[in-house]
Amino acid sequence: MSDSAINQKVSTILGMVPEGHVVSYGLLADLCGLPGRARLMGKCLTTISAHIAWHRVVRSDGKIAFPPGSDKANEQREKLVLEGVVVKNFKVSMKHYLWQPDLYTVLAKLPY
DNA sequence: CACGTGACATACC
DNA sequence: GGGTATGCCACGT
């Protein structure tokens, strides 16, 4: 699978994550058909972070992936809070996670 | 080719 | 809860 193909899927999927919700890197990888390759997602986001909802991606434990207090971390926290996401100490509450049933809904809309 | 590193995850203790 | 260990994959050195 080419890089651009992955970028395509990531963009598509992130476009379907509703406001006020977040997904983990691992889940995102799963949805891309790349189970176990969460680290690849971070790599991917560095190239397409410009015009998509990259801020809705957090780690599986809820923490923002950037160093707490860094500019990027602050920016992400800001965007999430504006959407109504509860962020405490750079960690989002679990209730905002897109969970399994939601994923099936998302998958049903994907072109593959 | 061998390591180290990184927007990660899981399983333990 | 935190800390360590291991698995994971792409990249640079």
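Nothing here was measured: the structure is a model prediction, and the numbers come from that model. Residue numbers begin at 1 in each chain, while the letters A, B, ... track the order of the sequences.
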| request: Look only at the side chain of A:E83 and the backbone of A:E19, and say whether a donor-acceptor pair between them is shorter than 3.5 Å. | output: no
- Query: Is any side-chain heavy atom of A:N74 closer than 4.5 Å to a side-chain heavy atom of A:F66?
  - Reply: no
Within residues 74-86 of chain A, those residues having any heavy atom closer than 4.0 Å to DNA chain B are none
Do other residues, nucleotides or ligands put more than 12 heavy atoms under 6.0 Å from A:N89 CG? no
For this session: Treating Ile, Leu, Val, Met, Phe, Trp and Tyr as nodes and any side-chain heavy-atom pair under 4.5 angstrom as an edge, say whether A:V58 and A:V81 lie in one connected cluster.
Result: yes
Residues passing the side-chain hydrogen bond (donor to acceptor under 3.5 Å, both in side chains) test with A:R59, sequence neighbours excluded, are none
Separation of B:dA7 atom P from A:K72 atom NZ, nearest Å, is 12 Å
From CE of A:M41 across to C1' of B:dG6 the rounded distance in Å is 14 Å
Taking every heavy atom of A:A73 against every heavy atom of A:P68, the minimum-distance pair comes out as CB-CA, 4.5 Å
In short, A:C44 meets A:N7 closest at the heavy-atom pair SG-OD1, 2.6 Å
Looking only at C:dA10, B:dA7, C:dG1, the nucleotide nearest the A:L45 side chain is B:dA7
Roughly how many Å apart are B:dA7 and C:dT6, using the P atom of each and rounding to a whole number? 22 Å
- Considering only atom C1', compute the distance from B:dT5 to C:dC8 and round it to an integer number of Å. 13 Å
By nearest-nucleotide position on DNA chain C, the 5'-leaning member of A:R37 and A:K91 is A:K91
DNA chain C nearest-nucleotide lookup for A:G36 and A:D3: closer to the 5′ end is A:G36
Readout for nucleotides 8-13 of chain B: B = base within 4.0 Å of protein heavy atom, S = sugar-phosphate only, - = neither; 5' to 3' it is BSS---
Rounding to 0.5 Å, atoms CD (A:Q76) and CG (A:D71) come to a distance of 13.0 Å
